[in-house]
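By convention in this document, chain letters (A, B, ...) are assigned in the order of the sequence lines, proteins followed by strands, and residues within each chain are numbered from 1.
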Amino acid sequence: MKRLYFRETPPAEYLDPRRASAFRRRLLRWYLDNRRVLPWRDTPTPYRVWISEIMLQQTQVGTVLPYYDRFLQRFPDIPSLARASESDVLQRWAGLGYYGRARRLHQAARILWPARQGKFPEEYEAVLALPGIGPYTAGAICSIAYNQPRPVVDGNIRRVLVRLLRIGGKVREGFFWDQMTALLPPNQASSFNQAMMELGAMVCTPHRPQCGSCPVARVCRALESGNPSRVPVKHPRGSRPVHLLVLLLEKEGRVLLASSGKPGFIPGAWGLPCRVLADAASAESEAARLIREITGRAVSPVPLPPFRHAITHRRITVHPFGSTAEPTTVQGGGYQWVNRKRGKDRVLSSLFRKALEAGAGAGA
DNA sequence: ATCCGGAAGC
DNA sequence: GCTTCCGGAT
């Protein structure tokens with residue numbers, strides 16, 4: 001099998017088999033003893049699980065509870081949901097938010113009835129194909145309602161795994177799915193998946209995790225070494241947008257690189273001359289000022305199309321500027337004229353590479 | 001005021 | 001791969 005060549009050594013991140021089975025046993029024991037009583041857990045029919053999972057997308061259990069009961073009273077099964085008008089469905093959804101969920105739920109019901117006599121599909125691919133159902137929800141329905149051995153990964157589970165395995169840096173999304181596949185007990189997928197999510201919601205919470213009462217504390221790598229509430233590393237998220245002025249100064253087909261003066265959030269030894277702006281409006285005047293600082297001459301900046309760039313949860317709007325005339329000299333050290341090809345190799349930050357390309361396209 | 005989060009559409 | 005969709009918790 002070609003899969004053999006995928007990894008030369010077993011990846012260290014996986015729990016060894018003994019730890020993994022201890023983890024499953026303790027987690028399942030805890031879940032069966034401590035799980036919350038929830039309406040969709042009483043009689044987990046596919047329809048009831050489906051509605052609950054759609055409502056629970058981006059929404060906490062406590063918020064969903066009152067809506068769930070009212071919704072199921074009014075739409076107890078797929079035919080009743082399919083026969084209802086969209087506005088009727090939206091009325092019952094009002095207040096829950098993300099109204100696209102309700103529309104897609106309704107669309108899906110209309111696909112299933114009368115075509116499939118209102119019977120919810122059992123096959124994963126068929127479930128996944130329904131509107132509003134992505135990989136997470138399809139896995140959740142198939143595992144919870146049918147006990148099919150399908151992994152699920154949601155925000156709670158990502159956090160539990162990151163702490164359990166003490167994942168420091170970034171990992172690709174597939175990593176979590178691989179881990180869940182490896183941990184999943186084939187005959188208890190329903191309980192196991194719900195237990196992982198329950199642990200994330202009740203014990204392994206984003207803030208102040210209750211490690212003292214965690215059933216799997218003894219196998220948790222984050223607890224073993226340091227403070228689990230520091231894992232995962234928090235990144236400032238909605239941090240205020242940053243505007244960055246970037247200069248593309250050219251001379252005889254070469255571009256001016258700068259070795260210093262970059263804002264702290266841009267990696268790499270070399271970049272383009274740049275400056276953080278207070279706001280987008282000041283871009284042009286700051287560009288003129290910076291050109292004069294570097295070249296000692298008053299040369300008019302030529303605005304190039306701004307673009308967005310995201311690094312480490314910072315939203316940067318880059319305002320590149322060329323210039324009307326080729327500068328003759330540069331003042332001070334830390335600058336170097338480099339031809340474009342070499343410049344691209346030299347510049348480590350993808351932000352500056354993007355700016356270089358933008359400049360080339362615009363003929364700056 | 002900031003963090004949190006699945007799916008779809010681009 | 002980035003945005004948008006929303007309300008609740010803190």
Side-chain angles (χ1 to χ4, degrees), chain A residues 40 49-68 70-71 86 89-109 111 124-144 150-163 170-177 180 193-194 196-210 229-242 305-318 350-351 353-354 357:
Chain A
W40 47 89
V49 172
W50 175 37
I51 304 297
S52 75
E53 287 300 337
I54 299 296
M55 287 188 170
L56 287 165
Q57 287 169 4
Q58 320 306 291
T59 312
Q60 297 194 326
V61 167
T63 309
V64 163
L65 279 173
Y67 289 88
Y68 185 80
R70 285 197 298 127
F71 197 91
E86 185 182 273
V89 176
L90 284 169
Q91 251 175 46
R92 296 289 170 143
W93 202 274
L96 253 188
Y98 289 106
Y99 299 95
R101 295 183 295 174
R103 290 195 200 92
R104 291 190 281 264
L105 189 64
H106 186 226
Q107 286 167 20
I111 289 171
Y124 174 84
E125 281 73 22
V127 175
L128 183 62
L130 290 170
I133 297 185
Y136 163 78
T137 308
I141 295 171
C142 286
S143 63
I144 295 173
R150 288 281 171 187
V152 293
V153 174
D154 71 349
N156 281 323
I157 289 179
R158 274 185 212 103
R159 186 175 57 256
V160 170
L161 288 176
V162 161
R163 287 178 178 155
K170 285 180 192 168
V171 289
R172 62 201 165 76
E173 177 65 8
F175 172 87
F176 297 111
W177 292 87
M180 282 301 280
N193 285 343
Q194 292 184 82
M196 286 290 286
M197 296 190 267
E198 191 86 343
L199 189 73
M202 305 302 293
V203 177
C204 198
T205 49
H207 310 289
R208 302 173 169 280
Q210 315 284 299
S229 63
R230 297 264 172 95
V231 182
V233 210
K234 298 281 193 290
H235 303 285
R237 201 169 65 134
S239 57
R240 103 169 39 82
V242 175
F307 62 90
R308 289 184 179 290
H309 182 77
I311 47 175
T312 58
H313 297 76
R314 217 183 279 262
R315 302 157 57 85
I316 303 173
T317 306
V318 182
S350 62
L351 184 157
R353 286 203 295 266
K354 257 199 259 176
E357 280 163 27

Query raised in the report: Which whole-number value in Å describes the distance from A:R172 CZ to C:dG1 P?
Result: 14 Å

Query - Atom pair distance, as rounded to whole Å: OH in A:Y136 and C1' in B:dA7 - result: 13 Å

Report task. Select base, sugar-phosphate, or nothing to describe what A:I54 touches, counting heavy atoms under 4.0 Å on all strands. Result -> nothing

**Report entry** Heavy-atom donor-acceptor pair, A:Y98 side-chain to B:dG5 base, under 3.5 Å
**Finding:** yes

Requested in this report: Write down the distance between CZ (A:R159) and P (B:dG5), rounded to a whole number of angstrom.
Outcome: 6 Å

Query - Min side-chain heavy-atom separation A:N156-A:M196 under 4.5 Å - result: no

Requested in this report: Kindly compute the distance separating CE (A:M55) from OG1 (A:T63), expressed to the nearest 0.5 Å.
Outcome: 11.5 Å

Report task. Starting from C1' on C:dC6, measure out to CZ on A:R103 and report it in whole angstrom. Result -> 12 Å

Requested in this report: For A:N156 and B:dC4, give me the distance from atom CG to atom P, rounded to whole Å.
Outcome: 12 Å

Requested in this report: Mind checking A:R101 for me? I need base, sugar-phosphate or nothing, with any heavy atom below 4.0 Å counting as a touch.
Outcome: nothing

Requested in this report: Round to the nearest Å and state the distance from A:R158 atom CZ to B:dC4 atom C1'.
Outcome: 12 Å

Query raised in the report: How long is the line joining CE of A:M55 and P of C:dG8, in whole Å?
Result: 14 Å

Query raised in the report: Reckon A:G62 touches a base, only the sugar-phosphate, or nothing at all at heavy-atom distances under 4.0 Å?
Result: nothing

**Report entry** 5'-most by nearest nucleotide on DNA chain B - A:P131 or A:T59
**Finding:** A:T59

Report task. Starting at atom CH2 of A:W93, determine the distance to atom P of C:dG7, rounded to an integer number of angstrom. Result -> 13 Å

Query raised in the report: Hey, do the aromatic rings of A:Y68 and A:W40 have their centres closer than 6.0 Å?
Result: yes

Query raised in the report: Of the candidate nucleotides C:dC6, B:dG5, B:dA7, which contains the atom at the shortest distance from the side chain of A:Q58?
Result: B:dG5

Report task. Could you tell me the separation between the CD atom of A:E53 and the CG atom of A:L105, rounded to the nearest 0.5 Å? Result -> 12.0 Å

Report task. Could you grab the distance from atom CZ of A:F176 to atom CZ of A:R159, nearest 0.5 Å is fine? Result -> 11.0 Å

